[in-house]
Amino acid sequence: MPATILVGAQWGDEGKGRVADWLAAESDVVARFAGGDNAGHTVVVGGAVVKLHLVPSGILHSHVTCVLGNGMVINPINLVKEIDRLAAMGVNISPSRLHISTKAHLITPAHVALDGAAEKARGDQAIGTTLRGIGPAYMDKTARHGIRAGQMANLEEFGDALQRAIEQANKILIAQGAEPLDATQATGESMDAAARLQPYLRDTTLYLNERLKAGARVLCEGAQGTLLDVDHGDYPFVTSSSPTAGGALTGLGFGPRQVDQVVGVAKCFSTRVGSGPMPTELEGELANWLRGTGENFWDEFGTTTGRPRRCGWLDAVVLRYAAQVNGFSELVLTKLDVLSGLNELKIAIAYEIDGKRHDFPPSTVSELERAQPVYETLPGWRDNISRARRSDELPQATLDYVHRISQLCETPIRTISVGPERDQLVEL
Ligand code: GDP
Ligand code: IMO
Ligand code: MG
């Protein structure tokens, strides 16, 4: 059973990239299974900060082969830019190291324009999407008129499909009072990118199953987070894919018996970008403390959009739910170093809604918006823990905080992160 699924347990940006980079050292293949360049995964190696949007975080380990799975939506123009950026940094990103599923769907300039127009039309009900065209691309996929990556193999056919998609989108854009696209420019750029990506195309379902059969270890790198899942998240303030553990199987094309570990990643406080309920959200001084000023690259400003993230206390109701939905075998907790200096820490252990206690999030946004967190308070710690590498180098208060979280979500926590660098991990 050689596959491990790695999933975000909150609203994204939990530190999945940094944890994937750690697990990739023991993996042969690292595969993304959902989402697209709405993701922004940060990996830090020897002071070099690498931000990945489409390419799996495993690319920084030279022995790893990377896969962009069928469950993804891929913007070919942005993928080419990312490949070129990584190559310029000295990363080997030849077609032997990166395989794009022929069944993945493509994000066209039409999808990007439609995402922007839809958000504008939503007014004060806007989702706060990343404006990368994610929703419209998945809509075309399920409506069964999307363009698959495999179509890039035949440029003439691809050009025709693109032309039709842009004409169709222009009708909608004009009807919504938005600027239509220049078809020649929009198709030209995508065609150039398609030509560049042809050598990377592959039947990755077949590839992954063959590798698994031969005993390779496959790491499935989740994007987004459980509460952004189109089924299990705070609908409609979600993304359009299934970033939870189940999505790894449909998004890559192998069966559940291949999976022996489901690793959840959670930040030791809560953050969210975009709209939607967030019961433990804080404002003022404490929120600013958690967010940071933006001086450090790890401060809470979006990797993809630069937006300041909403910040709040850790929500164990969310973690308990994420553990249930994904069946976590363990949880990795990140950013413990950021909490150093606070006198006390709060954890939401339940919600109170209309006078009734809830141990799990209710399924409607209107109930969630009325949820009052029931807090438990724990002592904080003042020591700088970023240089700790062993559990006996951590203050007792840090260990107690981690232990309590593990208890509340009924999931073992064996590893915590005390900084963004590859080696800033403590095995408990
Ligand atoms: P992802 O989308 O889940 O991969 O997370 P992001 O990369 O968007 O955001 C996480 C941020 O926190 C990045 O800047 C990471 O470098 C940083 N980070 C991850 N783990 C730690 C940690 O333990 N401590 C600190 N200070 N930063 C961390
Ligand atoms: P990573 O992989 C945080 C959020 C957006 C918005 C909602 C829908 O870096 O954790 P979309 O563009 O997907 O239609 O936006 O989902 N969102 C993320 N938030 N991290 C992400 O990815 C996200 N990907 C999407 O902010 O609220
Ligand atoms: Mg991110």
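Counting starts at 1 for both ligands and their atoms, in listed order. Keep in mind that the numbers below use all heavy atoms, side chains included, and drop hydrogens, waters and symmetry copies. The shown structure was predicted, so the numbers you read here are calculated from the model rather than taken from an experiment.
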_Residues Arg422 and Asp21 bridged, charged N to O under 4.0 Å_ = yes
Within a strict 2.8 Å cut-off of the Mg ion (ligand 3), protein N/O/S atoms tallied 2
Check: Going by atom types alone, do Ser340 and Trp381 pair a side-chain donor with an acceptor below 3.5 Å?
Finding: yes
Quiz item: Applying a strict 4.0 Å limit to heavy atoms, is Arg307 in contact with ligand 2?
Solution: yes
Salt bridge or not between Arg404 and Glu376? Use side-chain N to carboxylate O under 4.0 Å. yes
Between the side chain of Glu82 and the main-chain N/O of Val55, is any donor-acceptor distance below 3.5 Å?
yes
re atom 19 (N) of ligand 2, the protein heavy-atom contact at minimum distance is Val273 CG2, 3.4 Å
salt_bridge(Arg291, Asp299) N-O dist < 4.0 Å: no
| query | Salt-bridged, Arg310 to Glu281, with N to O below 4.0 Å? | reply | yes
Between Ser240 and Gly135, the two heavy atoms sitting closest are OG-CA, 3.3 Å
Assess whether a salt bridge exists between Glu300 and Lys335, defined as any Lys/Arg side-chain N lying under 4.0 Å from an Asp/Glu carboxylate O. yes
Counting from 1 in the order shown, the ligand 2 atoms closer than 4.0 Å to a non-hydrogen atom of Ala223 are 2 (O)
- request: May I ask you to say whether Arg32 pairs ionically with Glu221, meaning some side-chain N is under 4.0 Å from a carboxylate O?
  value: no
Per-atom filter on ligand 2: closer than 4.0 angstrom to a heavy atom of Asp13 are 1 (P), 3 (C), 9 (O), 10 (O), 20 (N)
Partner of Lys103 under side chain to side chain donor-acceptor pair (under 3.5 Å), picked from Thr205, Asn70, Thr204, is Thr205
In terms of its nearest heavy atom to atom 6 (C) of ligand 2, the top option of Gly128, Gly8, Ser275, Gly15 is Gly128
* To do: Give a yes-or-no answer on whether the side chains of Asp37 and Asn78 include a donor-acceptor pair shorter than 3.5 Å.
  => yes
Modelled atom types, side-chain donor and acceptor of His111 and Asp140, under 3.5 Å:
yes
### Query
Under 4.0 angstrom from ligand 2, any heavy atom of Gln224?
yes
Per side chain to side chain contact (heavy atoms under 4.5 Å, CB included), Pro136 is matched among Leu114, Thr108, Thr129, Val73 by Leu114
Going by atom types only, do Arg217 and Thr4 share a side-chain donor-acceptor pair under 3.5 Å?
yes
Per-atom filter on ligand 2: closer than 4.0 angstrom to a heavy atom of Leu228 are 4 (C), 16 (O), 17 (N), 18 (C), 19 (N)
For Lys16, the atoms of ligand 2 under 4.0 Å from one of its heavy atoms are 1 (P), 2 (O), 10 (O)
So the atoms of ligand 2 within less than 4.0 Å of a heavy atom of Gly274 turn out to be 27 (O)
Report yes or no: does a heavy atom of Asp115 sit under 4.0 Å from some atom of ligand 2? no
Of all protein heavy atoms, the one nearest atom 15 (O) of ligand 2 is Thr129 CA, 3.4 Å
Do any nitrogen or oxygen atoms of Thr239 lie less than 3.5 angstrom from nitrogen or oxygen atoms of ligand 2?
yes
**OP:** Report yes or no: does Asn170 contribute a side-chain atom to a donor-acceptor pair with the main-chain N or O of Leu181 at less than 3.5 Å?
**Re:** yes
For atom 12 (O) of ligand 2, the closest protein heavy atom turns out to be Thr130 OG1, 2.5 Å
Check your understanding: Are the side chain of Thr280 and the backbone of Trp313 linked by a donor-acceptor contact shorter than 3.5 Å?
Key -> yes
Within the 4.0 Å heavy-atom cut-off, what His41 brings close to ligand 2 is side chain
Expected contact list for ligand 1 at under 4.0 angstrom, heavy-atom basis, is Asp13, Glu14, Gly15, Lys16, Gly17, Arg18, Gly40, His41, Thr42, Phe297, Trp298, Thr303, Arg309, Thr334, Lys335, Asp337, Val338, Ser417, Val418, Gly419, Pro420
Ala39 heavy atoms within 4.0 Å reach ligand 2 at atoms 1 (P), 2 (O), 9 (O), 22 (O)
Counting from 1 in the order shown, the ligand 2 atoms closer than 4.0 Å to a non-hydrogen atom of Trp11 are 3 (C), 19 (N)
- Message: Taking only non-hydrogen atoms of Gly225, do any sit less than 4.0 angstrom from ligand 2?
- Response: no
- Message: Under a 4.0 Å threshold between the charged nitrogen and the carboxylate oxygen, would Arg370 count as salt-bridged to Glu367?
- Response: no
Closest to atom 8 (C) of ligand 2 among protein heavy atoms sits Val238 O, 3.4 Å
Donor on one side chain, acceptor on other, Thr271 and Asp13, under 3.5 Å
no
